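Quick notes on the structure that follows.
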Protein chains: 2
Amino acid sequence: MHSDVVASRSAEHRDSRESRNGGGPQLDAVSLAIIEQLQEDGRRPYAAIGKAVGLSEAAVRQRVQKLLDQGVMQIVAVTDPLTVGFRRQAMVGVHVEGDVESVADALTAMSECEYVVMTAGSFDLMVEIVCEDDDHLLDVINRRIRAVPGVRSTESFVYLKLKKQTYMWGTR
Amino acid sequence: MHSDVVASRSAEHRDSRESRNGGGPQLDAVSLAIIEQLQEDGRRPYAAIGKAVGLSEAAVRQRVQKLLDQGVMQIVAVTDPLTVGFRRQAMVGVHVEGDVESVADALTAMSECEYVVMTAGSFDLMVEIVCEDDDHLLDVINRRIRAVPGVRSTESFVYLKLKKQTYMWGTR
DNA sequence: CGGCAAGACTGCGAAATCCGCAAGTCTCAG
DNA sequence: CTGAGACTTGCGGATTTCGCAGTCTTGCCG
């Protein structure tokens, strides 16, 4: 029963993503497979996962726990912001003068900033904002964000319609 | 034990987000509380959730199942793309001529497009791309995306560093 | 007003799952 | 050769999940 996936494990182990990984502990094919299972259903029983990836229930349990502890993945509920009462969202591009990282930290501290990333290109920072209504959005963008020291200017892209949102990294 | 949250339920029920919701079934305070519990830990037992929100285990189970069925939330594993072997990410702004929605659909169909949203502002579309390496990224942006009929031009923002990524909608 | 169907919740066993633990195997590195 | 690390198998006990019957409330209708 543990043929395919397990068989390829040792070979898979020392192949790639060893050098410039970005910091994460490298994952082998089995852990990837476990993650894929949990991306389909975060509550899937360990035994079922084990059957799917070719591992015992106990081994799956250990691995999942480790992945969780290491922060490689987390098992959470994700929702559509609209149905939870947040009616306005926007992506905001930020031009920064001076230290980009400190500005990023300041934005990260705001609960309305759902997503903060440093970028190369005409913006130094891109930030996703989730708000309850227009007033809230206006307040966050024009008052809070622009008040952060180092923010030279911003450009906003209000969301009209969310077309796709996946959590299937590695599943393809 | 079921005082606070439950007591406010009927009052909470017909207050807001009734009119322009965007389509989702309105959520009462209890469902919100359940979601918050599962945002902290997607595998938290129903009994524990019930204790926290003031409901029986069976009731929580029903509500969670309904939320799942309705598509209001999903319980999944989320990972840091870096640790899963995707070393290049970018946000791409797209200028469209003609039907924006059809372009959006085309982009949605690409597995590398993790996130597709129609926006107001200088871009018609914003797309998040997740790739394995530079070649892959280049291919997706310059060949695949620009080949979509209706795409006039694009601007890319390569990710340098992801500072924040939350799934805590409603938890604040 | 009485009846009644629908929806939401509780309580309760039975089945399944989770969890820790021990012993034995296998492989790799020193 | 030896130790460390990862897996497997097996095993109980605690916990959780699950299905179902029964209760309560609400709104509808003759």
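Reminder, nothing fancy here: chain letters follow the sequence lines and each chain counts from 1. Keep in mind that what you see is a predicted model, and the values were worked out from it rather than measured.
- For Lys66(B), a side-chain nitrogen or oxygen approaches OP1 or OP2 of dA8(C) to under 4.0 Å.
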From CA spacing to verdict: salt bridge (Lys or Arg N to Asp or Glu O under 4.0 Å), Asp133(A), Arg87(A): CA-CA 6 Å; Asp133(A) 52 40; Arg87(A) 288 187 283 255; 5.4 Å; no
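- Of the listed nucleotides (dT17(D), dT9(D), dC18(C)), dC18(C) has the atom at the smallest distance from the side chain of Tyr46(A).
- Comparing dT9(D), dT17(D), dA8(C) by their closest approach to the side chain of Arg63(B) singles out dA8(C).
- Residue Gln65(A) contributes atom CD, which lies 17 Å from atom C1' of dC7(D) at whole-angstrom precision.
- Per the geometry, CZ belonging to Arg61(A) stands 7 Å off P belonging to dC19(C), to the nearest Å.
- In this structure, the CD1 atom of Ile49(B) is 8 Å from the P atom of dT17(D), given to the nearest Å.
- One atom, CG of Leu38(B), and another, P of dT17(D), lie 10 Å apart when rounded to the nearest Å.
- Between dC18(C), dC18(D), dC9(C), one nucleotide has an atom nearer to the side chain of Arg43(B) than all others, and that is dC18(C).
- Taking the nucleotide of DNA chain C with the nearest heavy atom to each of Ala58(A) and Pro45(A), the more 5' of the two is matched to Pro45(A).
- Leu67(B) contributes atom CG, which lies 11.5 Å from atom CD of Gln62(B) (distance to the nearest 0.5 angstrom).
- As a whole-Å value, the separation of Asp41(A) CG from dT17(C) P is 13 Å.
- Atom NZ of Lys51(B) is separated from atom P of dC9(C) by 18 Å (rounded to the nearest Å).
- Asp28(B) has its CG atom 18 Å from the P atom of dT25(D), to the nearest Å.
- Residue Gln62(A) contributes atom CD, which lies 14 Å from atom P of dA22(C) at whole-angstrom precision.
- Of the candidates dC19(C), dT17(D), dT17(C), dT17(D) carries the atom nearest the Glu57(B) side chain, counting heavy atoms from C-beta on.
- Relative to the side chain of Ala59(A), the nucleotides dC18(C), dC7(D), dC18(D) differ in distance, and dC7(D) lies closest.
- Separation of atoms CD1 (Ile49(A)) and CG (Leu55(A)) is listed at 10.5 Å; rounding is to 0.5 Å.
- Side chain of Lys164(B) to backbone of Met110(A): a donor-acceptor contact under 3.5 angstrom is found.
- By the 4.5 Å heavy-atom criterion applied to side chains, Asp124(B) and Val94(B) are not counted as neighbours.
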